[in-house]
Amino acid sequence: MQVKPTAMTKFSNYIFKNYAKDSSKLLVHVGAGVAVIATSAQVGMLLTDKKLEQKKKNFLVKQELMINSTYLALYYTACEAVRHLVNNTIEKGKILTESCALAIANLKNDKFIEPTKKWANIFTKDELKKGISHNLENIENTDFFKKSAQEIQPRIKENSIKALEKFQGFKGGAGVLSVLTTSVIAGNIVGVYLGNVIATKMAEKNHRLNVA
């Protein structure tokens, strides 16, 4: 009897497929989702408030949507840009911890005996363009693996898995930190400033219309 996947299973598989290798991506999308939910709740409260007269209610709803749409666009654009920049920088090896570099440099060995700088000689320039994660995940396709003696290739595969775990841990941590920093700047500093500017301009425009 074939067991059909439940909605929860499908959702779990989707989350794992899209976010397991990049926790910073999940952080960006969750932050955007929370912002949308918060805005929807605020607008819903305004729409159902019977004490507000319709003209003022329309203005406040419009203002809320304008401010939060600007914030969401700023937050998502800034966080995604920083996330991609950090990920690409790390994947190309421009930023690397010593433990990650050692793990890559010593793929042939069970103990760290090669110097850290040797990691850069493991992959070709063309291979490195695809990213360190890609090369460690597909180590059998690299020139380094193909040119290695057959008897040590199983060891290289095993060590590549360990190196990948270490590398992705570093990449994930760096990505989350960069996204958190960007979200604080975008949301609590730039976002607040833009929100105040928009609210002021909309209030002035509304006042002029009422006076007229």
**Asked** How long is the span from the OG1 atom in Thr124 to the NZ atom in Lys129, to the nearest 0.5 Å?
**Response** 9.0 Å
**Closest contact, heavy atoms only, Ala32 versus Tyr76** = CB-CD1, 4.2 Å
**Request:** Can you run down the side-chain hydrogen bond (donor to acceptor under 3.5 Å, both in side chains) pairs that involve residues 38-51, sequence neighbours left out, and say none if there aren't any?
**Result:** Thr39-Asn68
**Message:** Let's go through Gln63 and Met66 carefully: what are the C-alpha distance in whole Å and the side-chain angles of both, what is the deciding distance for side chain to side chain contact (heavy atoms under 4.5 Å, CB included) to 0.1 Å, and is it a yes or a no?
**Reply:** CA-CA 5 Å; Gln63 184 184 64; Met66 193 73 172; 5.7 Å; no
**Message:** I'd like to know whether Val34 forms a side chain to side chain contact (heavy atoms under 4.5 Å, CB included) with Val30, so could you lay out the CA-CA distance, the side-chain angles of the two residues, the decisive distance to 0.1 Å, and finally the verdict.
**Reply:** CA-CA 6 Å; Val34 169; Val30 168; 4.2 Å; yes
**Item:** Asn109 to Asn159 - nearest heavy-atom pair and separation
**Value:** O-ND2, 2.9 Å
**Prompt:** Could you state the interatomic distance from CD (Glu165) to NZ (Lys162), rounded to the nearest 0.5 Å?
**Reply:** 9.0 Å
**Request:** Supply the members, apart from Phe167, of the Ile/Leu/Val/Met/Phe/Trp/Tyr cluster built from side-chain contacts under 4.5 Å; use none for a lone residue.
**Result:** Val82, Val86, Ile90, Ile95, Leu96, Ile104, Leu107, Trp119, Ile122, Phe123, Leu128, Ile132, Leu136, Ile139, Phe144, Phe145, Ile152, Ile156, Leu164, Phe170
**Message:** Could you measure the distance from the OG atom of Ser24 to the CZ atom of Arg83? Nearest 0.5 Å is fine.
**Reply:** 5.0 Å
**Nearest heavy-atom neighbours spanning Cys100 and Lys166** = SG-O, 3.6 Å
**Request:** Assess whether side chain to side chain contact (heavy atoms under 4.5 Å, CB included) is satisfied between Gln168 and Glu137, documenting all intermediate values.
**Result:** CA-CA 11 Å; Gln168 287 185 336; Glu137 288 173 349; 3.6 Å; yes
**Prompt:** Leu72 and Leu26: same hydrophobic cluster, using ILVMFWY side-chain contacts below 4.5 Å?
**Reply:** no
**Message:** For Lys57, I'd like to know if atom NZ has over 12 heavy atoms of other residues, nucleotides or ligands within 6.0 Å.
**Reply:** yes
**Message:** Please find the pair of heavy atoms, one from Ser133 and one from Lys171, that lie closest to each other, and give the distance.
**Reply:** OG-NZ, 4.3 Å
**Fill in**
Value for SG (Cys79) from CG (Leu27), rounded to nearest 0.5 Å, stands at 7.5 Å
**Item:** Closest contact, heavy atoms only, Glu127 versus Thr142
**Value:** OE2-CA, 3.2 Å
**Item:** Nearest heavy-atom neighbours spanning Glu64 and Val43
**Value:** CG-CG2, 4.1 Å
**Fill in**
Rounded to the nearest 0.5 angstrom, the NZ-NZ distance for Lys108 and Lys118 is 10.5 Å
**Item:** Pairwise distance OG1(Thr70) to CG(Leu65) - rounded to 0.5 angstrom
**Value:** 10.5 Å
